[in-house]
Amino acid sequence: MSLSIGVPREVFPGEKRVATSPEVVEKLKKLGFNVLIESGAGDEANFSDDAYRAAGAEIVDNAAALWSSSDIVFKVRGPNDDEVGLLREGGALISFIWPAQNPELMQKLAARKANVLAIDSLPRQLSRAQKMDALTSTAGISGYRAVIEAANVFGRFFNGQMTAAGKVPPAKVFIAGAGVAGLAAIGTAANLGAIVRANDTRAEVADQVKSLGGEFVKVDYEEEGSGGGGYAKVMSEGFQQAQREMYAKQAREVDIIITTALIPGKPAPKLISAEMVQSMKPGSVIVDMAGEQGGNCELTEPGKACVKHGVTIIGYTDLPSRLSKQASTLYANNLFRLTEELVKTKSVSVEEGTVSPNMEDDAIRGLTVIKEGDITWPPPPLKLPAPPAAKPAAAVAAPAAKKAHGAKGEPMSPKSMAILFGIGAVVFWLIGALAPEPFLGHLTVFVLACFVGYQVVWNVTPSLHTPLMSVTNAVSSIIVIGALVQIAPPLAEGVTRSNGIIGFLAVCSIILASINMFGGFAVTRRMLEMFRK
């Protein structure tokens, strides 16, 4: 007896997403599941009933029939009271639940003796959990859509332009919070040509901000801001005061502010005050992505876009639904990967038709908030692997080896330096006494060319040159030195000046090598200018 997975139509007002896609239906069928889709469930996400039928799903006309026939129900939003009543006793539900914010819902689901897996409770610290991480998928879409919503109401181009009608300066965008949503917003705004600034309490994200084309604005206050599970922590009052001063300065300068600060289970922190809004330029835009938890701006009206003090404040709570097809596709993939894990860990047995979450598996244990009617949330702390044991013997041996061989950067002792110079002097004296005179001239040119080439490579700033460009410039410098010697060699006994053909070739060599060197620097500079605002 194979298990059935049911996907009902979402009934939450304004929700356009659906919990699976026709492509994922085909994959679920290959795992051995029957897939039931409520008629019209995918209409708002541009997935028709015919597309689901073609993928092998069975279309069910009404919600009651679907819920009663499904062993496992896939949903996006948590169920309302009517849907809880439709969930059959002993059934399984996989959805966003937010157990900390919805204790009453948890009690109602427990009364149905259900197995409930909250996709929002996935332990994100586990590397194998990334493929199931619906929070990351949703946040990335929200960050992208936030920039699009800002561009829709902003009165100018994002990128700077020089036109016959006048100069258009680039828009300045400030993003508060550089988590998944913030980084997606940074990348989108930078790609549109805006000057992007960002801030986060976690100093380690500064490099990520810069890699996406943004400028990291640091708060003038030292405090570690990393929290558990990839979230930021609540900061001290001293840090928050310094942060507010920085936000106030940015509000006066930028055109668009996008706020993403939110800690699950807690009200959204107020980052943008009414005074900051009033100080912004007329026509500016604020997109408050924390609107569902009260908003990061004091003047945000959750679910609406309003204008206060000449500033448009967008507090939409359905940003992922505004990209319903993309959001549904990613969420469906996350649920499919979770289903694979459930089958691998024997939490679901398609052949036997049973559903019983494996509480020995860290990922499944973290997701399971109710098992067979028993509330199992919150889960116990993850058992992280112990750090490798230190090797004191190796640690002591390494400094000793460095001392014996001379570590890079340590000054050479006077005795060693005297011995080295003495050996070098003897070698050069022997060469001068025994080698023929023409050899000395060639050796001088060779040593000088190598020295100049080495200096050219060594003094090149890595960020301004590729290694290949450095090597070609070194070779070109050797060519120039050799050509100069051919044009005007030293007039020692038995040596004559070069004839006309050799001199002409030497001049051509100098010209071509110089073009290569200076052209390399010019091309590199132009490439760097492409990345500067």
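For this chain, numbers begin at 1 and follow the sequence in order.
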Electrostatic pair [X]:[Y] at N-O distance under 4.0 angstrom:
| X | Y | result |
| --- | --- | --- |
| K346 | E360 | no |
| K131 | E341 | yes |
| E340 | K27 | no |
| K344 | D361 | no |
| R124 | D133 | yes |
| R77 | E292 | yes |
| R244 | E237 | yes |
| D50 | R53 | yes |

| query | Do you know which of E15, E38, E83 makes salt bridge (Lys or Arg N to Asp or Glu O under 4.0 Å) with K75? | reply | E83

| field | Charged tip of R197 within 45° of F174 ring normal and under 6.0 Å | value | no

| Within 45° of the axis and under 6.0 Å from the centre of the six-membered ring of Y316, does NZ or CZ of R322 qualify? | yes

| task | Find out whether E298 and I272 are in side-chain contact, i.e. whether some heavy atom of one side chain is under 4.5 Å from a heavy atom of the other. | result | no

Around atom [atom1] of [X], are there more than 12 heavy atoms from other residues, nucleotides or ligands closer than 6.0 Å?
| X | atom1 | result |
| --- | --- | --- |
| K308 | NZ | yes |
| K281 | NZ | yes |
| F33 | CZ | yes |
| E23 | CD | no |
| K16 | NZ | no |

| Shortest non-hydrogen separation from A185 to I258 and the atoms involved | CB-CD1, 4.4 Å

| CA sep, side-chain torsions, deciding dist, call: R145, E149, salt bridge (charged side-chain N to carboxylate O under 4.0 Å, His left out) | CA-CA 6 Å; R145 186 67 191 192; E149 294 293 341; 2.9 Å; yes

| Judged by modelled atom types alone, do S356 and T354 share a side-chain donor-acceptor pair under 3.5 Å? | no

| task | Give a yes-or-no answer on whether the side chains of S70 and R88 include a donor-acceptor pair shorter than 3.5 Å. | result | no

| said: In terms of relative ring orientation, are Y331 and F96 parallel, tilted or perpendicular, with 30° and 60° separating the classes? | reply: parallel

| query | Going by the angle between their ring planes, with limits at 30° and 60°, are F158 and F154 parallel, tilted or perpendicular? | reply | perpendicular

| What distance do N152 atom CG and T312 atom OG1 have between them, rounded to the nearest 0.5 Å? | 10.0 Å

